Amino acid sequence: MLTVDYTPGAASDPHVHPGSVFAYVLEGTVVTQVEGEQPMTYAKGQNWYESPKKPHVVSRNASVTKPAKLLVLLLSQEGEALKVPVK
């Protein structure tokens, strides 16, 4: 389990998680999109699930003026990288 902080306007590079991901918005609003699906916007108190090994092509703070924060439960094997860049 970890937290992900997004400063105003910040975004993550495209990546993949080896295991299942459960994300909960603690603060602000985020936009997320996994490959083959439409972008979704989630606000404080909302959550979503991501299937293992499905490329996460968009993950960003929806606001350019307010921070956002996620609580993430990521299931993976011991020693496995939690996030792998998509090339």
Side-chain angles (χ1 to χ4, degrees):
M1 188 173 283
L2 57 108
T3 56
V4 176
D5 292 291
Y6 286 110
T7 58
S12 297
D13 291 331
H15 59 274
V16 80
H17 298 287
S20 296
V21 174
F22 300 87
Y24 178 83
V25 183
L26 293 169
E27 179 183 343
T29 306
V30 296
V31 178
T32 185
Q33 180 183 10
V34 292
E35 190 173 78
E37 298 180 15
Q38 294 297 313
M40 299 293 294
T41 302
Y42 295 94
K44 181 178 178 179
Q46 294 183 307
N47 64 84
W48 71 92
Y49 167 78
E50 295 174 19
S51 299
K53 300 179 182 162
K54 190 139 186 184
H56 195 169
V57 295
V58 174
S59 183
R60 66 177 173 84
N61 187 339
S63 174
V64 295
T65 59
K66 297 178 184 176
K69 184 178 216 171
L70 303 175
L71 176 63
V72 178
L73 173 63
L74 204 144
L75 303 176
S76 64
Q77 299 295 318
E78 189 172 333
E80 190 171 40
L82 300 180
K83 180 172 117 175
V84 178
V86 171
K87 296 176 182 173

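Just so you know, these numbers come straight off a predicted model, no measurement behind them. We're numbering straight along the sequence, starting at 1.
- Within the structure, no pair that satisfies the ring pair (Phe, Tyr, Trp, His ring centres under 6.0 Å) test touches residues 66-87, not counting sequence neighbours.
- Within the structure, the ring pair (Phe, Tyr, Trp, His ring centres under 6.0 Å) test picks out the following pairs touching residues 56-87 (sequence neighbours left out): His15-His56.
- The hydrophobic side chain of Val64 is isolated, with no ILVMFWY side chain under 4.5 Å apart from it.
- Under the side-chain hydrogen bond (donor to acceptor under 3.5 Å, both in side chains) criterion, Thr65 pairs with Ser63, not counting sequence neighbours.
- Every residue meeting the salt bridge (Lys or Arg N to Asp or Glu O under 4.0 Å) condition with Glu37, not counting sequence neighbours, appears here in chain and number order: Lys54.
- Alongside Leu70, the hydrophobic cluster contains Leu2, Val4, Tyr6, Val21, Val25, Val30, Met40, Tyr42, Trp48, Val72, Leu74, Leu82 (criterion: ILVMFWY side chains under 4.5 Å).
- Its side chain within the 4.5 Å cluster rule, Tyr49 clusters with Met1, Phe22, Tyr24, Leu26, Leu71, Leu73, Leu75 among the Ile, Leu, Val, Met, Phe, Trp and Tyr residues.
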How far apart are the C-alpha atoms of Lys83 and His17, what are their side-chain angles, what is the distance that settles it, and do they pass the side-chain contact (heavy atoms from CB on, under 4.5 Å) test?
CA-CA 5 Å; Lys83 180 172 117 175; His17 298 287; 4.1 Å; yes

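- Contacts of Lys69 classified as salt bridge (Lys or Arg N to Asp or Glu O under 4.0 Å), with partners at least two apart in sequence or in another chain: Asp5.
- Residue pairs meeting the side-chain hydrogen bond (donor to acceptor under 3.5 Å, both in side chains) criterion with at least one member in residues 70-82, sequence neighbours excluded, do not occur.
- In this structure, Arg60 CZ and Ser12 OG are separated by 11.5 Å, a value rounded to the nearest 0.5 Å.
- With sequence neighbours excluded, the residues forming a side-chain contact (heavy atoms from CB on, under 4.5 Å) with Ala81 are Val84, listed by chain and number.
- Taking 4.5 Å as the limit, every side-chain heavy atom of Val86 sits out of range of all side-chain heavy atoms of Glu35.
- Summarising the hydrophobic clusters (Ile, Leu, Val, Met, Phe, Trp, Tyr; side-chain heavy atoms under 4.5 Å, direct or chained), the residues clustered with Val31 are Val57, Val58.
- The salt bridge (charged side-chain N to carboxylate O under 4.0 Å, His left out) pairs that include a residue from residues 10-34 number zero, where partners must be two or more places apart or lie in different chains.
- Judged by distance alone, with hydrogens and angles left aside, the side-chain atoms of Asn61 form no donor-acceptor pair with the main-chain N or O of Ala10 at under 3.5 Å.
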